Visitor: 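One structure, pasted below without further comment.
FYI, side chains are in, hydrogens and waters are out, and symmetry mates aren't considered; it's all heavy atoms of this structure. Since this is a predicted model, take the numbers as computed values, not measurements. Just so we're on the same page: letters track the sequence lines, and every chain starts at 1.
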Amino acid sequence: MSEFQQKCSIIGRDRLAPDVFRLTLQAPKIAAEAQPGQFVMVRVIDGLDPLLRRPFSIHRSCADGSISLLFKVLGKGTAMLARRCVGDELDLVGPLGNGFDFSDERPVCLIGGGMGIAPLLFLAEQLHSTGRATEKDHILLGARTKDELTPLADEFSALGYTVQLATDDGSIGRKGFIPDLLGFVLPTVEQVYTCGPHLMMENVVRQCQQAEVHCQVSLETHMACGIGACLGCTVNGKRGLVRVCQQGPVFNADHLEWSLV
Amino acid sequence: MSEFQQKCSIIGRDRLAPDVFRLTLQAPKIAAEAQPGQFVMVRVIDGLDPLLRRPFSIHRSCADGSISLLFKVLGKGTAMLARRCVGDELDLVGPLGNGFDFSDERPVCLIGGGMGIAPLLFLAEQLHSTGRATEKDHILLGARTKDELTPLADEFSALGYTVQLATDDGSIGRKGFIPDLLGFVLPTVEQVYTCGPHLMMENVVRQCQQAEVHCQVSLETHMACGIGACLGCTVNGKRGLVRVCQQGPVFNADHLEWSLV
Amino acid sequence: MKEEAVLLEKNPEKKVEAREAVPCIMPDLRVQIGSLALRNPVMTASGTFGYAREFENLVNLDRLGGIIVKGISLHPKPGNPPPRIVETACGMLNAIGLENVGVDRFITGKMPYLRKLTTPVVVNILGDSVEEYSEIARKLDGAEGIAALEINISCPNVKKGGVAFGTVPEMAAKVTEAVRRSTTLPLIVKLSPNVTDIVVMARAVEDAGADAVSLINTLIGMSIDPITRRPRLANVIGGLSGPAIKPVALRMVWQVAQAVSLPVIGIGGITTAADALEFLLAGASAVQVGTANFYDPSAAESIVQGLTSYLQEQGEDCLVDIIGTLKTGTD
Amino acid sequence: MKEEAVLLEKNPEKKVEAREAVPCIMPDLRVQIGSLALRNPVMTASGTFGYAREFENLVNLDRLGGIIVKGISLHPKPGNPPPRIVETACGMLNAIGLENVGVDRFITGKMPYLRKLTTPVVVNILGDSVEEYSEIARKLDGAEGIAALEINISCPNVKKGGVAFGTVPEMAAKVTEAVRRSTTLPLIVKLSPNVTDIVVMARAVEDAGADAVSLINTLIGMSIDPITRRPRLANVIGGLSGPAIKPVALRMVWQVAQAVSLPVIGIGGITTAADALEFLLAGASAVQVGTANFYDPSAAESIVQGLTSYLQEQGEDCLVDIIGTLKTGTD
Ligand SMILES: Cc1cc2nc3c(=O)[nH]c(=O)nc-3n(C[C@H](O)[C@H](O)[C@H](O)COP(=O)(O)OP(=O)(O)OC[C@H]3O[C@@H](n4cnc5c(N)ncnc54)[C@H](O)[C@@H]3O)c2cc1C
Ligand SMILES: Cc1cc2nc3c(=O)[nH]c(=O)nc-3n(C[C@H](O)[C@H](O)[C@H](O)COP(=O)(O)OP(=O)(O)OC[C@H]3O[C@@H](n4cnc5c(N)ncnc54)[C@H](O)[C@@H]3O)c2cc1C
Ligand SMILES: Cc1cc2nc3c(=O)[nH]c(=O)nc-3n(C[C@H](O)[C@H](O)[C@H](O)COP(=O)(O)O)c2cc1C
Ligand SMILES: Cc1cc2nc3c(=O)[nH]c(=O)nc-3n(C[C@H](O)[C@H](O)[C@H](O)COP(=O)(O)O)c2cc1C
Ligand code: FES
Ligand code: FES
């Protein structure tokens, strides 16, 4: 695996919800290498404020050399990114990180909350296109409201997956917490992949550990370099500190000191 | 006179030359007060880099509440400004500074070099609309090449002025230095207004002083506040330091210690 | 400010919770700096707000907590030759060289306007010798309408005096004592960050009779134009201010607030209410807005507004209750 | 980088002139740091370039002037608990806490890769005591493929040792002397900016036998989250780096370069060739690129390219000829 620094033209920009955007970028080198669960570091602006790149999961990678990012406006970096237009160039470094291990163990359950859904679409597409998807696979997606969820849910469904939804306000799917749906699903799957808010993942991991189902989690921490050099992104693993950017962002949940992550 | 801090929508954006832009902004409060020779301080971006506002002459002020700025991309502030689109909002403070004194003394000669032409169009329009323009007035404009000059020259001509041009490359008008044209004009005018590169203004001032013709110059210095508070923009006047932002930017040339400006 | 809005939105659950719990009363922003009572903790920093009048069309001066005017010396000072300012990454360097009208013309020319404001006016003073400091203080002691003095012992631009007073504890103490004897006005001593141990400086002026310390003044910096191979400031070196220095300022304020019992006034790169809150939580009883006045004249007023919103969202009635409430333990 | 292009375009006449005058030869970028010869003055700063391999896909490592690896201690160090980094205005704070694999595993695990590069490798070392510094130096003295040692006496993150060594001249001298006796490798001593007088520190290590000084390490800073009312770093305080600190770094480099006869290596916020040139003109014989490696992995290589263009445009054949050529007079 190899990573690149590349100036990438924005070739598509969609606003999925008032504060959720999807950018599609012409990034041939990155797209050619990208694996589900990997991410890119994006320079959101030419100036020096904000100074650091922002990490975003690769949400999609296409044979035409494009990749997509799905993001929510949270702070000033994402606000500036949301203002970039089609035709603009963004400086990217990637693909970075290890990505999901999806070599064996089926059926699977993908559990995404909020922007944690981003890498799961890429994973679902890859499972599908490599013939690894099964009819017993499950997709559980949660978000605050309907508009954050519908276009994404449709894309998973279009691949043939069974998709279950939950929203905080009940505007689509079940009203409430996505892990609440897991109880019914867990006995039927061999492997869980999850990405989303900390509380959600913590709950998912606990349920998986009780049910003795393998669980891979994709973590978020603050990152300066994204390539293992700054030692800024460490979290507590069972055997000492691990760098999320390089040894992760995907971890076997059992290898993490979950209470201290 | 009073100044305002106002968020102003960009309602027009023209590219006059590869690196010369004209922005038109909806700025009703500023437009209502603006006088030729005054300027605005523009925040080119929401972030903190670049930190300081950039000063630009008011190039035009219309009864519909809009003002125009004419600028050349020189550094990172102007580069970012050039990338702003119609519909974006810019934070402006203005109108600032004293402006030209055009109460009496005619005929006049306006001498602009490069972006120094910006405030002179506003002045020419004001002279015209207040009935102060005469047939003996002269407009001398200089720039590097033709494309920087033609649209502007046409706008002066449209007001009925006699316009003479000079370009560094001779692509329009005389090849060479704009003050070279002044010798023929000086004996026929009572008042000179000039804005442009330092060398040009120095030359103009010298000729005016020899011919005993009044000359008002509009100066550029680095500014932090634009309202007289930081004391950062001072230059040497005959009677001590003067603040360009507040006591200028327009000065009676005789009041400046020209060699030290 | 945008950033502020974002900050307060980051924890939407918390926000809603707080909103429900709190009745819609206006929080009390008043703070006390020794005997000096301020309606809110947001002042404007010396040298960045002129003599206040420059901002009268842009800022509602009567909404500010305090106004600190440009540093005043015994005699008028012409300042340094231009260029005097240069922009740097998220900051600026200045080498104004303390240009000012001198104490007499300040009292006759500037005070009449300032006296009409309802906002306390603090006069920043500087001298080339201990005696000069005393003499200015005596002159201002007699003038009407001055709420406090801020002693600038830290300006890096003047070769004589300036640097030494601000970096040697004994010298700082001497100036403070001398000024203390020359006036009954509340005394704020403004510290320089260009020292190995800011706490030692703060303790020295505390012992010498200061009523409060304010920090930080500018860090000494430099900028060069590679094309001309010349310094970008005629004075070669200058004082660095703006958001770039905020982390250093905040660290020093936190260290000093823990070490002295005097009220501490935080200064350095403050642009938004979130910035001001960092200093208040670290232990500052008030803050000063400096360079931000240049790039956002509405900054100080917006901060007052932002502090109000923050207190409402956090369910706090009084601003003083949050001062120094930074949690550094593992609780 | 964009900014660089802009800088060089600012004086278009000059550019053309220079172009016409100069035959199209490649300027000589070589510099000498004591006995250490570098193909160009652009190194990467300790802690910001890992053990170089992290950048192998992004940077042509053989085009760099030198590589300074992450600080190495006698025994492996786990570092501080997370969060360890936070972004600030044009800068970042880090409190990594000197996490590293320890000198033995460095030699066995990291040196084999580094030895294969044609670029000189400098090892940054740190200890909790004078003895530890000596012992690491002895171990590295025996290892093959190390071009020089850089002594980190300035890291603000470790409570024991770090701060005191870097702020007390006698302590700095002691460490320098001890390491000097333990190795024949060229010795660079890296200075902390958190001092009242950086020149005193530089002179102390010069007298103690250093072959060069590098500066600056990070400024001590802090950041607070107003919503949680907690420090943003688990360690509370951390080191400020990036473009924000460049003016301070440049000022200190200029002061030190005038005061000592050792070669000086400039560090602090360097992102573009224009930044590097400021330090070289101020008297630095080489520079280190730090935080910029994070936000622009191509920075160091671009700077090498930019220096070449600058010399061509200015009609200079050798980079060494421009070192310290800052004009501060009125000539
Ligand atoms: C491996 C990885 C993949 C990610 N994938 C996505 C994605 O696909 N879509 C998406 O919307 N978000 C994703 N995030 C989170 C995203 O990076 C942050 O939302 C973003 O950096 C916030 O930047 P900001 O400037 O808007 O926020 P600010 O709060 O202004 O940022 C301040 C600093 O905090 C960091 N930061 C803030 N929030 C986070 C966070 N949750 N995780 C990491 N750093 C943070 C920023 O990078 C920056 O350094 C991912 C994070 C990581 C580590
Ligand atoms: C009163 C006044 C009116 C002006 N009117 C116009 C105008 O109508 N059109 C136009 O194109 N330009 C005008 N300028 C010049 C314009 O402000 C600068 O070109 C612009 O600030 C450059 O910013 P930058 O970020 O692109 O350049 P940078 O070089 O990156 O700027 C760095 C710093 O230098 C300052 N600076 C750089 N060049 C100048 C300059 N020539 N004058 C003042 N400060 C400068 C910037 O404001 C900034 O603080 C005017 C300047 C002044 C003082
Ligand atoms: C242009 C300028 C002039 C200043 N003049 C003074 C002064 O006269 N006296 C003083 O004590 N501080 C002076 N300062 C320092 C500021 O009051 C303040 O301490 C410093 O700028 C840091 O705050 P900031 O980052 O918010 O600007 C000046 C700062 C600037 C930028
Ligand atoms: C994440 C990080 C880790 C660092 N680790 C070290 C270190 O181990 N040893 C050292 O001497 N300096 C260390 N530094 C300091 C840098 O080498 C450099 O002196 C400083 O960051 C200033 O340069 P910059 O502004 O270009 O980053 C570290 C800096 C950062 C940002
Ligand atoms: S982000 Fe730098 S090591 Fe992980
Ligand atoms: S720009 Fe601040 S006084 Fe003129």
Side-chain angles (χ1 to χ4, degrees), chain C residues 7-8 10-11 14 86 88-91 93 167-168 194-197 219-231 234 236-238 240 242-255 269 271 273-282 310 313-314 322 325-328 330, chain D residues 7-8 10-11 14 86 88-91 93 167-168 194-197 219-231 234 236-238 240 242-255 269 271 273-282 310 313-314 322 325-328 330:
Chain C
L7 167 104
L8 298 171
K10 254 190 201 156
N11 212 333
K14 198 150 196 169
V86 51
T88 67
C90 289
L93 288 166
T167 53
V168 182
N194 300 294
V195 295
T196 307
D197 191 346
L219 286 160
I220 310 173
M222 183 172 172
S223 176
I224 292 171
D225 179 343
I227 301 293
T228 61
R229 302 194 193 177
R230 287 187 176 281
V236 184
I237 59 171
L240 181 66
I245 68 169
K246 197 187 72 176
V248 175
L250 184 65
R251 181 264 297 181
M252 290 187 167
V253 164
W254 178 69
Q255 290 176 325
T271 308
D275 296 335
L277 283 161
E278 291 191 68
F279 284 85
L280 296 168
L281 294 169
Y310 173 86
E313 282 156 17
Q314 294 256 320
I322 71 157
T325 59
L326 179 72
K327 293 175 256 179
T328 53
T330 46
Chain D
L7 167 104
L8 298 172
K10 255 191 202 155
N11 212 332
K14 199 152 195 169
V86 52
T88 66
C90 289
L93 288 166
T167 53
V168 182
N194 301 292
V195 294
T196 308
D197 191 345
L219 285 161
I220 309 173
M222 183 173 172
S223 176
I224 292 171
D225 180 344
I227 301 292
T228 62
R229 302 194 193 178
R230 287 186 176 281
V236 185
I237 59 170
L240 181 66
I245 69 169
K246 198 188 73 176
V248 175
L250 184 65
R251 181 264 298 179
M252 290 186 166
V253 164
W254 179 68
Q255 289 177 324
T271 307
D275 297 334
L277 284 162
E278 290 191 68
F279 284 85
L280 296 168
L281 294 169
Y310 173 86
E313 281 155 19
Q314 293 257 320
I322 71 156
T325 59
L326 179 72
K327 292 174 258 181
T328 53
T330 46

Visitor: Examine whether an atom of D:A282 lies under 4.5 Å from a heavy atom of chain C, and if so say whether it belongs to the side chain, the backbone or both; otherwise answer neither.
Guide: both
Visitor: Suppose we screen for side-chain contact (heavy atoms from CB on, under 4.5 Å). Which residues come up paired with D:P231, at least two apart in sequence or across chains?
Guide: C:L326, C:T328, D:V236
Visitor: When heavy-atom pairs shorter than 4.5 Å are enumerated against chain C, which of D:A244, D:G221, D:P247 gives the highest number?
Guide: D:P247
Visitor: How long is the gap from CD1 on D:I245 to SG on C:C90, to the nearest 0.5 Å?
Guide: 13.5 Å
Visitor: D:V195 and side-chain contact (heavy atoms from CB on, under 4.5 Å): which single residue from C:T196, C:V195, C:D197 fits?
Guide: C:T196
Visitor: For D:T88, is it the side chain, the backbone, both, or neither that has a heavy atom closer than 4.5 Å to a heavy atom of chain C?
Guide: side chain
Visitor: For D:S223, give me all partners under side-chain contact (heavy atoms from CB on, under 4.5 Å), at least two apart in sequence or on another chain.
Guide: C:E278, D:V86, D:L93, D:R232
Visitor: Measuring heavy-atom distances to chain C, does D:L250 have an atom under 4.5 Å in its side chain, in its backbone, in both, or in neither?
Guide: both
